[in-house]
Number of protein chains: 2
Amino acid sequence: MKKIFEVLKNVSIFDNIPPDSLGDALDLLKARKALYKKGSPVFLEGSPADFVGLVLSGKIHIIKEDYYGNRNIVAEVCQGELFGEVFACAGIAAIPVSVLAADDSEVLLMDFKSMFMQPADKTCDTLLSNLLKIVANKTLQLNQKIDILSKRTTREKILAYLSMQIKACGSPEFIIPFNRQELADFLCVERSAMSAELGRMKRYGLIDFKKNKFRML
Amino acid sequence: MKKIFEVLKNVSIFDNIPPDSLGDALDLLKARKALYKKGSPVFLEGSPADFVGLVLSGKIHIIKEDYYGNRNIVAEVCQGELFGEVFACAGIAAIPVSVLAADDSEVLLMDFKSMFMQPADKTCDTLLSNLLKIVANKTLQLNQKIDILSKRTTREKILAYLSMQIKACGSPEFIIPFNRQELADFLCVERSAMSAELGRMKRYGLIDFKKNKFRML
DNA sequence: TAATTTCTGTTGTTTTTACAACAAAAGAGG
DNA sequence: CCTCTTTTGTTGTAAAAACAACAGAAATTA
């Protein structure tokens, strides 16, 4: 349990909650730990939207599949990050995505319904306002993804994604968290076409890359 | 002022705020009314993200332009709907989109910063939790847009959009709120190509339409 | 109502992508 | 080290989209 607290200290939903109130907050949220093997489902599309997950270790992918089976990685959730909170907060019945463990992962499951039923409670108040900030930021992330997807050509999508990465890590050289297939899924383009386009961009002197290490020129 | 209250009654950010507290809430938010002519800017990209708008009448478009000038209508905001709240709640400095009046519009401008500085206030509490639900739902909307944009072909994008409309209005026959150019911008495809595709889909018996009235077959 | 402007549909050409099939490279396990 | 598997890059072909240019329809205004 001590290890959990170590992770929670750095999780923004618990910002401004004093360490000695953390246990209360977890009780309030009926928190419990669960383990998932790489590739196994955390939630399947259609599950009730009551529960929210916090990644204690490992990596979680939020996946949407269309009727042709094109996978779309909506988001990658890493240690200390939340998932499912949007569905819980929006008050919908079933989640419209699947959640899979991308690595062996430990997840803290929490019940958010309880949070909305305790007005004027200080801890609840803080959780609520932290949550608002988190959800708002997630919305901005989705906006970024829309920025990428609204580009017409594969090259523009790649450039939009890479520019985004540069901004995020502050350097023109960086390591992307996807392999080629995952990147293609994220950008919603064909892997082989993307690979070809990456090759052209390298020859053309726009970018350089080796495996997952990219550099803008 | 009475007319404003009439609109606010049905606005979900003021849900569960008793009518006699509404004035207090508006004071708290430093609300003031502003008028915008069709086509004129409400906020330009780069403006500070302190203010939030509520459409009292008319119609507002949230616009993002890429460096080639392809317009992308991120959202259409109608009477009784909020805009800019995500940027204010996320705590960023400048807004990354432009906001234009799509019609002559009345807007209620509010300062959200004040809301985060009044903990344990009942009205604030309610506003906060309403806001959370709103932002979460907006996130879901963006997810829907991503669902559309992640489709590879124009036809699939059109079908995804139309299916979405059917779900939203509960009938296979409906009127879309865009003209052809706006729809193309929303779907991030070429207008003429989309028009051609619509024609093919009609001839093929997939859909029927006349002007803005569509019907799925 | 006529003139003008805006919107929509059509068509041909060029560019880009999807698709498929395969080759090369990199990794994993024995 | 070799074999097997996975990942990545390459190429040719067919399909789709972007683009451009224009014609007809609809809406607006004088």
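Values in this document were obtained by computation on a predicted structure and should not be read as measured data.
Listed in residue order, the members of residues 194-212 of chain A having a heavy atom less than 4.0 Å from DNA chain C are A:Glu197, A:Lys211.
The side chain of B:Ser192 approaches D:dC19 more closely than any other nucleotide in the set C:dT17, D:dA18, D:dC19. Looking at the side chain of A:Asn179, the nearest of the listed nucleotides D:dA18, C:dT8, D:dT8 is D:dT8. Considering only side-chain atoms of B:Glu190, the nucleotide from D:dT8, D:dA18, C:dT17 that sits closest is D:dA18.
Summarising the geometry, the separation between NZ on A:Lys213 and P on C:dA26 is reported as 16 Å, rounded to the nearest angstrom. If you take NZ of B:Lys157 and C1' of D:dA16, they are 11 Å apart, rounded to a whole angstrom. Atom P of nucleotide D:dA15 and atom CZ of B:Arg155 are separated by 14 Å, given to the nearest angstrom. Atom P of nucleotide D:dA27 and atom CZ of B:Arg180 are separated by 12 Å, given to the nearest angstrom. As a whole-Å value, the separation of B:Leu183 CG from C:dG9 P is 11 Å. To the nearest angstrom, P of D:dA18 lies 5 Å from CZ of A:Arg152. A straight line from NZ of B:Lys151 to C1' of C:dT17 spans 17 Å, rounded to a whole angstrom. In this structure, B:Ile176 places its CD1 atom 12 Å from C1' of C:dT8, rounding to the nearest Å.
A salt bridge does not link B:Arg215 to B:Asp208: none of the charged nitrogens lies less than 4.0 Å from a carboxylate oxygen.
For B:Thr154 and D:dA17, the shortest distance from a side-chain N or O to OP1 or OP2 is below 4.0 Å.
Under the 6.0 Å distance and 45° angle rule, B:Lys202 counts as a cation-pi partner of B:Phe209. Remark: A:Lys213 is not positioned above the aromatic ring of A:Phe174, lacking an NZ or CZ atom under 6.0 angstrom from the ring centre and at most 45 degrees off the axis.
You'll find the side chain of B:Phe51 reaches within 4.5 Å of the side chain of B:Asp111, heavy atoms only.
Across B:Val86 and A:Ala136, no two heavy atoms sit closer than the pair CG1-O, 3.4 Å.
Test B:Leu26, B:Ile13, B:Ile17 against B:Leu8 for side-chain contact (heavy atoms from CB on, under 4.5 Å) and you get one pass: B:Leu26.
Of the possible donor and acceptor atoms, none in the side chain of A:Asp103 sits under 3.5 Å from a partner among the backbone N and O of A:Ser105.
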